[in-house]
Amino acid sequence: MRDYNHDVIIIGAGPAGIAVATGLNRAGISDILVLEREADIGGIPRHTPHPSFGLLVFKRPISGPAYIKKLLKRCPNVRFQTKTTVTALFEGGMLEIATPKGLQTLRARHIVLATGARETPRHPRLVSGLRPQGVMTTGALQQFLFAEYLKPCTRAVVVGTELVSFSALWALRHAGIKPLAMVESGPRIKACRPATIFARLLGVPIHYNSRVVDILGSDTLSAVVIEGADGQRQSLACDGLIFSGAFTGDNTLARASHLAMNAETGIPLIDQNWHSADSAISVVGNATHPADMGDQCYIEGLAAGRAIAAKLNQPEAATKTVVIRQGAGIKMTTPNLLRVGPDGLIFGLNLHVTQAYKGKITVKCGDEVLYQKAHSCLPTRRISLKNIRLNAGNSTPLEVILG
Ligand SMILES: Cc1cc2nc3c(=O)[nH]c(=O)nc-3n(C[C@H](O)[C@H](O)[C@H](O)COP(=O)(O)OP(=O)(O)OC[C@H]3O[C@@H](n4cnc5c(N)ncnc54)[C@H](O)[C@@H]3O)c2cc1C
């Protein structure tokens with residue numbers, strides 16, 4: 001008798017989790033359970049109605065809910081269980097889950113964490129002031145508007161200028177809420193420059209080199225105070241304040257478990273096949289690279305599904321692990337670990353920078369340069385380095401550096 005409940009349990013039913021299930025299914029693995037804490041499947045796209053998904057996968061822009069419907073059609077044989085939160089992860093493929101019926105333990109041959117990314121809310125940003133209603137992230141705003149059909153405010157300020165910040169502008173405008181201003185701590189927007197045209201068309205000023213220094217109002221937000229680089233302060237009357245972007249991977253489960261983490265990024269160590277340091281657990285999607293586009297997470301999830309199926313179908317070959325370290329100015333690399341077999345390895349690597357950067361990117365193993373090419377990088381843009389060769393004998397950590 002088998003001593004596990006399912007071949008594979010996937011935690012999270014966003015684009016990455018759905019893709020892993022699809023990839024596994026196509027590779028002949030059918031005993032898959034996807035666990036989702038929300039009542040609906042779909043992750044972030046389920047409450048993102050503007051057409052910002054599908055360009056890579058379906059070659060045309062489609063809305064989040066339509067995108068999820070189309071992705072689900074590609075994996076008809078997979079079981080999804082919603083309203084189920086995974087509360088703990090243990091060695092040996094064990095999980096603890098909380099369902100409306102109570103706590104339960106499950107065991108799988110392989111577990112996949114596809115728990116996504118979240119924006120940094122007000123508290124970790126250490127913005128002082130009172131705690132009135134009306135302060136939220138873009139994700140919360142979208143849930144209010146498009147999942148609960150509630151209008152949480154009438155006049156709002158958006159903090160941040162990443163792509164998601166412009167999604168916030170779109171959502172506000174769509175719901176008949178007046179966007180008053182955007183606040184950016186640096187001298188330029190974090191998204192690609194043409195996004196400023198959208199703000200201009202909506203008549204929304206962007207305050208550069210500025211930050212929110214006070215939040216006023218007792219029960220409901222009444223105003224925010226913005227400070228510019230010259231120290232001048234101005235108060236904007238509003239009842240909505242949207243903290244957008246500054247994404248972090250939702251790795252709460254991984255952090256509380258036995259999994260090894262990259263100490264600098266707080267992201268679990270994962271190799272070129274998305275296997276973690278415990279090779280019976282994989283981590284995929286925006287939990288490992290907060291926050292790339294839905295399509296990128298989906299395409300990666302398909303490949304991760306194939307890699308897990310290959311591992312379940314064949315005994316693992318002996319490998320050596322090599323850690324990848326990121327230099328100054330690099331936010332994270334994916335993978336951040338390599339498993340190298342007897343024939344060496346040719347691999348690709350994605351990275352994000354912390355500030356706009358134009359110049360060489362180098363991958364080194366000791367004194368040996370494995371890759372060097374010029375790139376033009378923005379913090380919100382995924383940079384892909386391709387065809388890097390590592391010889392079998394190498395076990396020195398790799399370094400990825402700007403320069
Ligand atoms: C506010 C916001 C707006 C965005 N807008 C866009 C956009 O317009 N276009 C775009 O391409 N990308 C957008 N993104 C990026 C988005 O992260 C990706 O599009 C994509 O959704 C990532 O897929 P994922 O499967 O990795 O994560 P997610 O879509 O976040 O899915 C993760 C799922 O895991 C579930 N989960 C987490 N922890 C547990 C647990 N312990 N137990 C059970 N379930 C759990 C969550 O409920 C969620 O459903 C946005 C991100 C945010 C935060």
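Indexing begins at 1, ligand by ligand and atom by atom, following the structure's order. Bear in mind the structure is a predicted one, so any value in this text is a computation, not a measurement.
- Taking atom 44 (N) of ligand 1 as the reference point, the nearest protein heavy-atom neighbour is Arg37 N, 3.2 Å.
- Nearest to atom 9 (N) of ligand 1 by heavy-atom distance, out of Ser52, Ala140, Ser63, Gly294, is Ser52.
- Nearest non-hydrogen protein atom to atom 49 (O) of ligand 1 is Glu36 OE1, 2.7 Å.
- Judged by the 6.0 Å distance and 45° axis criteria, Lys70 is positioned over the aromatic ring of Phe58.
- With a 4.0 Å cut-off on non-hydrogen atoms, Ala114 touches ligand 1 through its backbone and not its side chain.
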Pair Glu162-Ser244, side chain to side chain donor-acceptor pair (under 3.5 Å): steps then yes or no: CA-CA 8 Å; Glu162 297 178 36; Ser244 66; over 6 Å; no
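- Atoms of ligand 1 found under 4.0 Å from any heavy atom of His50 (numbered from 1 in listed order, with element): 8 (O).
- Under 4.0 angstrom from ligand 1, there are no non-hydrogen atoms of Ile18.
- Both the backbone and the side chain of Ile44 come within 4.0 Å of ligand 1, judged by heavy-atom distances.
- Side-chain polar atoms of Arg74 and Tyr298 form a donor-acceptor pair below 3.5 angstrom.
- Atom numbering of ligand 1 starts at 1 in the shown order; those under 4.0 Å from a heavy atom of Thr115 are 32 (C), 34 (O), 37 (C), 38 (N), 39 (C).
- In terms of protein heavy-atom proximity, atom 31 (O) of ligand 1 is nearest to Gly14 CA, 3.5 Å.
- Considering each of Ala13, Gly42, Ala88, Pro15, the one bringing a non-hydrogen atom nearest atom 23 (O) of ligand 1 is Pro15.
- Considering backbone and side-chain N/O of Met293, none are found under 3.5 Å from N/O of ligand 1.
- If you number the atoms of ligand 1 from 1 as listed, the ones under 4.0 Å from a heavy atom of Gly12 come out as 33 (C), 34 (O), 35 (C).
- Near Leu253, the atoms of ligand 1 lying under 4.0 angstrom from a non-hydrogen atom of the residue are 41 (N).
- At a heavy-atom distance under 4.0 Å, no atom of Asp295 approaches ligand 1.
- Ligand 1 has no nitrogen or oxygen under 3.5 angstrom from a nitrogen or oxygen of Thr138.
- Distances below 4.0 Å separate heavy atoms of Ile11 from the following atoms of ligand 1: 40 (C), 42 (N), 43 (C).
- Around atom 5 (N) of ligand 1, the closest heavy atom drawn from Val284, Thr48, Ile41, Val20 belongs to Thr48.
- For ligand 1, the atoms lying closer than 4.0 Å to a non-hydrogen atom of Phe247 are 51 (C), 52 (C), 53 (C).
- Atoms of ligand 1 lying under 4.0 Å from at least one heavy atom of Gly285, given by number and element, are 26 (O).
- Looking only at side-chain heavy atoms (C-beta outward), Pro290 and Met332 come within less than 4.5 Å of each other.
- Put simply, the residue from Val112, Val283, Leu113, Ile281 that forms a side-chain contact (heavy atoms from CB on, under 4.5 Å) with Ile11 is Leu113.
- Considering only non-hydrogen protein atoms, atom 41 (N) of ligand 1 sits nearest to Val86 O, 3.1 Å.
- Residue contacts with ligand 1 for Asn286 involve both N, CA, C or O and side-chain atoms from C-beta outward (heavy atoms, distance under 4.0 Å).
- At a heavy-atom distance under 4.0 Å, only side-chain atoms of Glu119, from C-beta outward, approach ligand 1.
- Tested against Asn336 for a side-chain contact (heavy atoms from CB on, under 4.5 Å), the candidates Ile270, Asp271, Leu349, Val400 yield a single pass: Ile270.
- Side-chain contact check for Arg193 versus Arg188: some heavy-atom pair is nearer than 4.5 Å.
- When the heavy-atom distances from atom 21 (O) of ligand 1 to Ala16, Gly43, Gly54, Pro45 are ranked, the shortest goes to Pro45.
- The closest protein non-hydrogen atom to atom 3 (C) of ligand 1 is Val164 CG2, 3.5 Å.
- Using bins of under 30°, 30° to 60° and over 60° for the plane-to-plane angle, the ring pair Trp170/His50 lands in the tilted bin.
- Atom 27 (O) of ligand 1 has as its closest protein heavy atom Gly116 CA, 3.2 Å.
- With respect to Arg233 and Glu227, a salt bridge is recorded, a charged nitrogen being found less than 4.0 Å from a carboxylate O.
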